[in-house]
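A short write-up of the structure that comes next.
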Amino acid sequence: MAGIDSKDIRKIIVACDAGMGSSVMLATQLRKQLRDTGVTVEHTPVNSIPADADVVLCHAGLAARAQAAAPGKLLVPFQIFLGDPAVTRLVDTIKKGGTVDA
């Protein structure tokens with residue numbers, strides 16, 4: 001997927017491999033940052049991404065699996081769980097408006 005207008009984002013999925021630790025912290029941090037935007041943030045295993053996801057965030061090492069599990073969804077891969085520039089760009093674009101690209 002090429003991109004999505006920030007006003008069309010209703011659900012972000014933080015996809016992980018084992019479902020423990022860092023990805024849970026990232027999902028919690030995103031919920032706090034996006035609290036007043038109307039965007040829901042959920043945490044799921046990479047093989048169980050729900051069909052109603054608008055954006056999927058996952059570690060770059062899981063990107064191929066996430067793409068296979070959720071074809072057609074905007075995938076935003078990141079390198080570090082807290083403070084990654086890709087995640088910061090996503091949050092800023094949702095808050096300020098614009099198009100979110102992978």
Side-chain angles (χ1 to χ4, degrees):
M1 177 178 232
I4 185 172
D5 192 297
S6 61
K7 71 180 184 323
D8 295 328
I9 298 173
R10 293 289 154 240
K11 183 183 268 187
I12 296 173
I13 297 298
V14 178
C16 67
D17 196 20
M20 308 176 101
S22 301
S23 56
V24 173
M25 288 190 314
L26 175 59
T28 300
Q29 177 186 29
L30 285 172
R31 277 187 207 102
K32 289 177 185 175
Q33 292 175 333
L34 298 172
R35 183 178 308 133
D36 299 325
T37 64
V39 176
T40 302
V41 179
E42 294 181 5
H43 178 263
T44 68
V46 70
N47 296 328
S48 301
I49 297 168
D52 63 345
D54 297 308
V55 176
V56 178
L57 278 168
C58 71
H59 189 272
L62 297 174
R65 286 176 54 196
Q67 195 69 59
K73 302 297 180 184
L74 180 66
L75 177 66
V76 178
F78 58 86
Q79 294 293 326
I80 53 177
F81 283 93
L82 299 176
D84 192 277
V87 176
T88 301
R89 275 192 307 276
L90 173 63
V91 170
D92 289 346
T93 303
I94 290 171
K95 287 182 173 183
K96 295 175 184 174
T99 301
V100 176
D101 297 306

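Sequence positions, counted from 1, serve as the residue numbers for this chain.
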Residues two or more places apart in sequence or in another chain: which of them pass salt bridge (Lys or Arg N to Asp or Glu O under 4.0 Å) with Asp101? none
When rounded to the nearest 0.5 angstrom, what distance separates CD in Gln29 from CG in Leu82? 5.0 Å
Can you tell me how far the CG atom of Leu30 sits from the CD1 atom of Ile13, to the nearest 0.5 Å? 11.5 Å
Listed by chain and number, what are the side-chain contact (heavy atoms from CB on, under 4.5 Å) partners of Asn47, not counting sequence neighbours? Arg65
Pairs meeting criterion salt bridge (charged side-chain N to carboxylate O under 4.0 Å, His left out) with involvement of residues 36-48, two or more places apart: Lys11-Glu42
Tell me the ring-ring contact (aromatic ring centres under 6.0 Å, His included) pairs involving residues 79-102, sequence neighbours left out? His59-Phe81, Phe78-Phe81
Taking all heavy atoms of Ala70 and all of Val56, pick out the closest pair and write down the distance. CB-CG2, 4.4 Å
Suppose we screen for side-chain contact (heavy atoms from CB on, under 4.5 Å). Which residues come up paired with Ser48, at least two apart in sequence or across chains? Pro45
Do you know which two heavy atoms are closest between Leu62 and Ala15, and how far apart they sit? CD1-O, 4.3 Å
Quick one: side-chain contact (heavy atoms from CB on, under 4.5 Å) partners of Lys32, sequence neighbours excluded? Thr28, Arg35
Would you name the heavy atoms of Ile9 and Ile94 that are closest together and state the gap between them? CD1-CG1, 4.0 Å
Got Val39 and Ile12 here, is their nearest side-chain heavy-atom distance under 4.5 Å? yes
Which heavy atom in Ser6 sits nearest to a heavy atom in Gly97, and how many Å separate them? OG-CA, 3.2 Å
Nearest atoms (heavy-atom pairs only) where Thr37 meets Leu34: OG1-O, 2.7 Å
For Thr99 against Thr93, the heavy-atom pair lying closest together: O-CG2, 3.7 Å
Any donor and acceptor pair, going by atom type alone, linking the side chain of Lys73 with main-chain N or O of Ala51 inside 3.5 Å? yes
Below 4.5 Å, heavy atoms only, C-beta onward: do Val87 and Val76 meet side chain to side chain? no
The complete set of salt bridge (charged side-chain N to carboxylate O under 4.0 Å, His left out) pairs with one or both residues in residues 84-98, sequence neighbours excluded, reads none
Results of side-chain contact (heavy atoms from CB on, under 4.5 Å) for Ala63 - residues two or more places apart only: Cys58, Leu75, Pro77
